[in-house]
Amino acid sequence: MVDETATAPRQVRFICFLCGASCGLCATVDGDRITKVVADRDHPATRGYSCTKGRSIPEVHHAPNRLDRPRLDGRDVEWPVLLDDLAGKLQSLKAEHGPDSIARFFGTGFFFINEAFGAATFFGALGTQQLYGAMTLDTAPFLRAAELVTGFARSTPVWAPDDPASTLAVIIGQNPSNSGGYSGTPSSNFTQRVRAFRQRGGEIWAIDPRATRTAGMVDRHLAPRPGSDVFIFGWLARELLRDGFDAHELEVACDPDDVEHLRAVVEAFDLELVTRRTGLAEHDLLDLLAAIRRHGRVSLLPGTGVSFSPTAVLTYWLIWAVGIITGSLDRSGGMRFLPESTTMMDGPRRTGHAPESGAFGPGPASRPELKGVFGERPAVALVDEIEAGNIRALMIMGANPVAAAPDPDRLLAALATLPVLAVFDIVEWELTRIATHVIPCTWLAERNDMRFLPQYGAERTYVTPAIVAPGADRRHGWQVLSELGARMGFDIFDVLPGVDAETATDEGLMRAIGRLTCDDADNVFAAGTDGVRVEFRYGWFHEQVLPDGRWRLAPRVLTDRIPGVLASEDTSGPRLVSGRTLASVNSSHYAVPLDEGPPPIRISADVARERAIETGDRVRVRTARGEVAGAVLVDPSMARETVWIAHGWHEQNVNRLTDPAPDPLTGQPSVTGVPVEVERLPS
Ligand SMILES: Nc1nc2c(c(=O)[nH]1)N[C@H]1C(S)=C(S)[C@@H](COP(=O)(O)OP(=O)(O)OC[C@H]3O[C@@H](n4cnc5c(=O)[nH]c(N)nc54)[C@H](O)[C@@H]3O)O[C@H]1N2
Ligand SMILES: Nc1nc2c(c(=O)[nH]1)N[C@H]1C(S)=C(S)[C@@H](COP(=O)(O)OP(=O)(O)OC[C@H]3O[C@@H](n4cnc5c(=O)[nH]c(N)nc54)[C@H](O)[C@@H]3O)O[C@H]1N2
Ligand code: SF4
Ligand SMILES: [Mo]
C-alpha cells in the first residue's frame with residue numbers, strides 16, 4: 001500500500017563552503033535525511049564541478065560520531081543545565097581572576113558568517129585579551145607582509161584569469177586544484193579556468209617541491225628545495241630592477257629612497273646563490289625571468305607553502321616587491337583588488353594605516369617576548385599561558401589546536417588540567433573526550449551562510465540555505481553564545497540593528513550581518529546560490545588604500561633581515577614539505593569510508609635510495625622536537641631531499657616535529673622547509 005502522507009524527496013541547491021572553491025551542489029533530501037549530494041551542473045560559476053568532500057556531505061552529516069547532545073563533565077544534560085553551569089563558571093572566573101582568565105581558540109570550523117560574528121561579539125563583550133586561533137598558524141605572515149607594504153593587512157591581490165590582458169601567472173606553494181585555493185586565486189572550477197586561460201595563450205607556472213595536481217596542469221613546473229623561495233624572489237627582484245621594471249610605477253607609486261634601498265639589499269641574490277640554495281637549474285630560473293620580462297606583468301599566487309616557511313614574511317614581501325617593480329598590482333594585465341564595498345577595504349580610512357614597522361598588541365604574560373598580532377596572541381603561547389595558570393577557562397570554537405599547533409602532547413596534557421574546557425564542535429574526537437562542556441553544533445547542511453571573502457579570490461558573493469533543520473539536540477554556535485551572554489548580562493547582538501536575542505533566526509541573522517558588511521546585500525540575497533559577480537576595477541587601490549598613493553616598497557624591519565638570510569647555513573639532508581590531501585580539511589577527514597587512516601609519508605627517491613627504503617616500509621621522521629612514524633611511499637615526483645607528511649592526523653601528528661619558536665613579526669612557527677632525519681624501522 002502506498003503511504004499517502006509520505007512526501008517525495010526534495011532537491012535543494014546549495015553552496016559547499018568546505019573550501020574556497022565554493023562549489024554549487026545539489027542535495028536530495030528525504031524527510032530529515034540527506035540521501036545524496038551531486039554537483040549542480042547549472043551553477044554559473046562551478047558548472048558541474050565537485051570533489052569527494054562535497055559529495056560525502058550525506059555520510060558526514062549523518063555520521064555516527066556526530067555530536068548530538070550537550071554534555072557536562074561527561075554526562076548528557078539538557079541545554080539549560082549546560083548553559084547555566086558554563087555561564088556561572090565563566091562569570092565567577094571573570095569576577096575572581098579577570099576576563100583574561102578566559103581564552104578562546106578560533107579555527108576553520110567557525111569561519112562562517114553567523115558563527116564568526118557571534119564569537120567576535122561574545123568575546124568582545126567579555127573583554128578578554130586571550131584570543132588565540134589558527135590565524136597565527138596559517139595566514140599571519142601573509143597579513144603582516146600586506147600590512148607592511150600597503151599599510152593594511154587585508155590587502156589581497158587577486159588574479160584575473162578572464163581578463164584578456166592577464167597573460168602570465170605563477171603559483172607558488174599553493175595547490176588550488178586540491179585545496180580550493182589560498183589567497184588571490186579564483187579557485188571555483190580551477191581546472192577549467194586554467195584550461196581556458198592557457199587556450200587563449202596564457203602562460204602559467206608552478207613553484208612547488210612536489211609535482212602536485214596543480215603542477216601537472218601548468219606550462220612549467222619548478223621544484224625548489226622547501227623553504228628556499230626567498231632566494232628565487234630576491235633574485236627576481238634584483239634582475240627585474242635592472243631590466244623589466246615599470247619605470248612609471250616606481251616613479252609615481254614608490255619612494256625613490258625605497259627603490260634604491262631595495263636595489264642595494266637584493267644585490268647579493270645572484271644566480272649562483274639562488275641555484276645553490278634552491279637546487280633549481282640555471283636555465284629554469286632564467287626562463288622564468290625571461291617569461292616575466294616578455295609578458296611585462298605577472299600574477300603571483302602564493303599559498304601555504306610560502307606561509308609555513310621560516311622566511312615566510314620575507315618571501316611574501318619579495319613577492320609583493322616583484323609585483324610592484326613590474327607594475328603588476330592594481331594595473332590591468334596584473335592583479336586586481338576586489339572593490340572596497342565587498343571587502344571592508346575602508347579599513348585604512350576608519351582606522352588609519354598601520355605604522356611602518358607593523359602594528360602589535362600586548363602579548364601574553366608568560367611569553368613577554370611575543371607580541372599580539374592582528375587582534376590575537378600567538379597560538380604557540382596558549383600552552384604556556386595554561387601552564388602558568390593565567391588561563392583557567394578555554395573555549396575552543398571549531399578548532400583543533402592539538403592537530404594544528406606545535407607540541408601537541410604537551411598541549412593535550414595542559415588542556416586536561418583546565419577547570420573549564422568548552423568545545424564547540426560537530427564530531428566526537430580527542431578533545432571532546434576531555435572537555436568539561438561539550439557543545440554540539442550545527443554543521444554546513446543545517447545552517448544558512450554567506451560568503452564574500454576576497455582572501456579566497458572570490459569573484460562572487462553568495463548566500464546558501466540550510467538544507468535540513470538542525471538535527472538531534474544541536475544548536476548553532478551563535479545561539480549558544482547568545483544564551484551565555486544573556487546569562488552573563490550582555491547582548492551579543494547589541495551592534496546589529498533589528499536583531500534581538502529572543503527572536504533571532506539563523507537566516508535573519510545572516511541577512512542582518514550581510515546588510516551591515518556588504519553594500520550589495522539585497523541583490524546577493526535575491527541571487528541566492530547563483531551569487532552576484534563582483535565587478536573589478538584597476539587603479540582604485542592606489543588612490544584609496546595606499547598611504548599617499550605609495551607602496552612601502554622596502555620596509556626596514558624586513559630589509560634588516562636580508563643579511564641574516566644570506567649568512568644562514570644551508571644544511572644538506574631531507575627537509576619537510578607541508579601537506580594536505582584532497583579528502584580532508586586539516587583534521588576533518590571526509591574520505592568515504594570515514595575511518596581511513598593517515599596517508600603514507602612520502603619521501604623523494606634519493607632519500608629512499610640512500611637509506612634503502614622501499615614503498616610499504618615503515619619509517620621514523622625526526623627533529624630535535626620529536627618524531628613521527630608511519631608507512632612510506634617513495635614518490636619520484638618530489639624534489640630531491642624532501643619528505644611530505646599529511647597534516648591533521650592524531651596518530652601521525654606532524655606537529656610533533658615542529659619547533660614552536662615563532663617569528664616575532666608574525667607569531668607563527670615554521671612547518672615547511674624544516675630539516676628532518678629519516679630512518680627505516682625494522683619490519
Ligand atoms: N604542521 C602543520 N600544521 C598546520 C598546518 C599544516 O599544514 N601543517 N596547517 C595550518 C592551517 S592552514 C590551519 S587553518 C590550522 C587549522 O587549525 P584549526 O582550524 O584549529 O584545525 P581544524 O583541523 O581545521 O579544526 C576544525 C575543527 O572544527 C570542527 N568543525 C568542522 N566544521 C564545523 C562546524 O561547522 N562547526 C563547528 N562548531 N565545528 C566544526 C572540526 O570537527 C574540527 O575539530 O592548522 C595549521 N597547522
Ligand atoms: N582538500 C583540502 N582543502 C583544503 C584544506 C585541506 O586540508 N584539504 N585546508 C584548507 C586550509 S585551512 C588552507 S589554509 C588552504 C591551503 O591551501 P594551499 O596553500 O593551496 O595548500 P596546499 O594544498 O597544502 O598547497 C601548498 C603547496 O605548497 C607546497 N609547498 C610546501 N612547502 C613549500 C615551499 O617551501 N615552497 C613552495 N614553493 N611550495 C611548498 C606543497 O607541496 C603544496 O603543494 O586549503 C584549504 N583547503
Ligand atoms: S572543491 Fe569540494 S570541498 Fe571545496 S567547495 Fe567544492 S565540493 Fe566543497
Ligand atoms: Mo588554513
Side-chain angles (χ1 to χ4, degrees), residues 15-25 37 39 46 49-55 57 105-112 115 133-135 137-139 171-183 185 187-188 190 206-210 212 214-215 222-229 232 302-309 315 379 396-406 423-427 429 431-432 439-444 446-447 477 575-588 590 638 642 644-648 653-655 657-658 669 671-673:
I15 303 284
C16 175
F17 283 166
L18 287 177
C19 85
S22 310
C23 296
L25 304 182
V37 166
T46 56
Y49 181 79
S50 67
C51 85
T52 164
K53 297 184 293 302
R55 295 189 302 269
I57 286 171
F105 193 98
F106 183 94
T108 51
F110 235 62
F111 206 57
F112 306 99
E115 305 296 56
M135 190 249 295
L137 302 166
D138 180 356
T139 49
I171 301 178
I172 312 133
Q174 188 179 166
N175 187 10
S177 58
N178 243 38
S179 68
Y182 184 65
S183 74
T185 308
S187 53
S188 287
F190 185 72
I207 302 179
D208 195 309
R210 275 187 69 197
T212 57
T214 300
L222 305 186
R225 202 158 158 64
S228 69
D229 305 78
I232 304 174
T304 49
V306 174
S307 300
F308 294 166
S309 78
T315 310
I396 297 187
M397 331 290 297
N400 186 348
V402 177
V423 176
F424 290 62
D425 212 292
I426 57 161
V427 291
W429 56 286
L431 283 194
T432 52
I439 286 117
C441 290
T442 53
W443 189 52
L444 173 142
E446 297 160 295
R447 62 175 174 240
R575 285 179 187 235
L576 196 61
V577 184
S578 63
R580 49 192 82 238
T581 51
L582 180 63
S584 303
V585 176
N586 303 321
S587 70
S588 298
Y590 299 108
M638 299 209 317
T642 52
W644 176 96
I645 304 179
H647 141 77
N653 191 331
V654 65
N655 277 317
L657 304 176
T658 306
V671 299
T672 201

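Counting starts at 1 for both ligands and their atoms, in listed order.
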Close N or O approach ([X], ligand 2; < 3.5 Å):
X    : answer
K53  : yes
G227 : yes
S228 : no
L582 : yes
N178 : yes
V577 : no
G303 : no

At what distance is the nearest protein heavy atom to [atom], and which residue and atom is it?
atom                    : result
atom 1 (N) of ligand 2  : T581 O, 2.9 Å
atom 7 (O) of ligand 1  : R580 NH2, 3.0 Å
atom 14 (S) of ligand 2 : D138 OD2, 3.3 Å
atom 38 (N) of ligand 1 : F424 O, 3.3 Å
atom 44 (O) of ligand 2 : D208 OD2, 2.6 Å

Under 3.5 Å between any N/O of [X] and any N/O of ligand 1: does that happen in this structure?
X    : result
N400 : yes
D425 : yes
V427 : no
L137 : no
S578 : no

Under 4.0 Å from a heavy atom of [X]: give me the atoms of ligand 1 that qualify, with their elements.
X    : answer
A399 : 20 (O), 25 (O), 26 (C), 27 (C), 28 (O), 44 (O)
G398 : 26 (C), 27 (C), 28 (O), 39 (N)
G107 : 19 (O)
S588 : 41 (C), 42 (O), 43 (C)
V654 : 1 (N)
C441 : 38 (N)
F110 : 38 (N)

| Heavy-atom pair with the smallest gap, counting every atom of P224 and D229 |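 Minimum heavy-atom separation between P224 and D229: CG-OD2, 4.5 Å.
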| message | Below 30° counts as parallel, above 60° as perpendicular, anything between as tilted: where do the rings of F424 and F110 land? | response |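 Taking F110 first and then F424, their aromatic rings stand perpendicular (interplane angle over 60°).
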Report yes or no: does a heavy atom of [X] sit under 4.0 Å from some atom of ligand 1?
X    : result
M397 : no
F105 : yes
T442 : yes
F308 : yes
G477 : no

| query | Who gets closest to atom 6 (C) of ligand 2 by heavy atom: S183, S179, S584? | reply |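 Considering heavy atoms of S183, S179, S584, the nearest to atom 6 (C) of ligand 2 sits in S584.
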| task | Identify which protein N/O/S atoms are less than 2.8 Å from atom 4 (Fe) of ligand 3. | result |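 Sorted hits: C19 SG.
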